[in-house]
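Computed over heavy atoms, backbone and side chain alike; hydrogens, waters and symmetry mates excluded. Protein chains get the first letters and strands the later ones, always in sequence-line order, with residue 1 at the start of each.
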Number of protein chains: 2
Amino acid sequence: MEKLEKKLGYKFRDISVLERALTHKSSTKAFNNERLEFLGDAVMDLVVAKYLFDKFKGCPEGDLSKLRAALVNEKSFATLARKINLGDFLYISLAEDNNNGRHKDSILSDAFEALMGAIFLESGLDEVEKISISLFEKEYKNISLDALVKDYKTTLQEITQAKFALIPEYKLISSKGPDHNKNFEMGVFLNGIEYGKAIGRSKKEGEQKAAKIAIEKIKKGKI
Amino acid sequence: MEKLEKKLGYKFRDISVLERALTHKSSTKAFNNERLEFLGDAVMDLVVAKYLFDKFKGCPEGDLSKLRAALVNEKSFATLARKINLGDFLYISLAEDNNNGRHKDSILSDAFEALMGAIFLESGLDEVEKISISLFEKEYKNISLDALVKDYKTTLQEITQAKFALIPEYKLISSKGPDHNKNFEMGVFLNGIEYGKAIGRSKKEGEQKAAKIAIEKIKKGKI
């Protein structure tokens, strides 16, 4: 367990809390990590919400929610769990062990949440924030809207190629504001006809938004 | 706004954060409370999770989740919002105002979450915990599993009366353990035939669990 603590950069004062966090319900122990997982789930929701709130100050609520959904899910937590080799430290039944239990996303993700719940109980939100955000940032080298949120440009191109055998083109329509705070209005065109335009804080953002508009028009049968 | 602060028992250091929390998106202001609501939603999830985790130490995760669902929802937050007359302080459009906006559950609940998000930003989790739990406890005089979780005994009786014109009977099957830590095995009977039995830390809990088993049997067509 010291190895795990080293990986985490956190030393438990009460080792029994750590033990509980590592105990899957299949284990024969008299306790398991389900209650801690319940707590840790809410802890991680808040840690990630606060992180995104602070990092993306200009982002509307809808985008923050999408970003959070991309970070807070079983697959993502299982990835963080693997970074600290959490599977090696779990108490699980022999049957579950033989069933590849130490490598299952669901078991790893639950144990990761339980572990964060345990640290929260002992040391509070700030400590969980420090540890989990550092793991996130190691995994997602550059947490950004572009990387995490659904890529509308790619989606649009897939649709237009399949439907019309056309590749969308993007053009700058106008730009406004001083250099440090410029806005770009981008348009998306099919065969020279504009099907959406939108303003972004970067050309790429404008293009993504314009692509989103075009996708919606296609879905409504307007293209 | 001082009135609201008095009701809350909290004084904002930065009044602009409070103003933002009170601003519905229909308002003509350049900002609104949606981002704070995103944050506050996660804050309240954790506050309630931690409260239940501490209060119901013997409760399995499934029951904690049910309890939380009963406390963390639009209707419940709207009720807390009304306790502090939050509707009176909102910035909303004239149209929304005429449309009864200050009394809508959705608008009140969102503003309540935003308000808790704002307090969290300024003063951290402990302060939100103090304020919101005090509001909860005033509203739900006795937060308990019995009061909040779906009442299986009532449900079962409704079903058996409609289906068989029978009222379920409950009997003590056995009890075990020392007085301070007794378990009760309760059975549920229809026309003298047992349809479910379960162990609880109280007779009532045993009965509820037995009723739940009987409901499941009926649903599966086994009764």
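Residues forming a side-chain hydrogen bond (donor to acceptor under 3.5 Å, both in side chains) with B/E5 (at least two apart in sequence, or on another chain): B/K11.
Scanning residues 94-127 of chain B against chain A with a 4.5 Å heavy-atom cutoff picks out B/F120, B/L121, B/L125, ordered by number. Residues from residues 21-35 of chain B that place a non-hydrogen atom less than 4.5 Å from a non-hydrogen atom of chain A comprise B/E34, B/R35, given in numerical order. Below 4.5 Å, heavy atoms of chain A meet heavy atoms from B/L36, B/F38, B/L39, B/D41, B/A42, B/V43, B/D45, all part of residues 36-45 of chain B.
For A/K197, the NZ atom sits in a loose shell: 12 or fewer heavy atoms of surrounding residues, nucleotides or ligands are nearer than 6.0 Å. For B/K209, the NZ atom sits in a packed shell: over 12 heavy atoms of surrounding residues, nucleotides or ligands are nearer than 6.0 Å. More than 12 heavy atoms of other residues, nucleotides or ligands lie within 6.0 Å of NZ in B/K182, so this atom counts as buried by the packing criterion. Atom NZ of A/K83 has more than 12 neighbouring heavy atoms from other residues, nucleotides or ligands inside a 6.0 Å radius.
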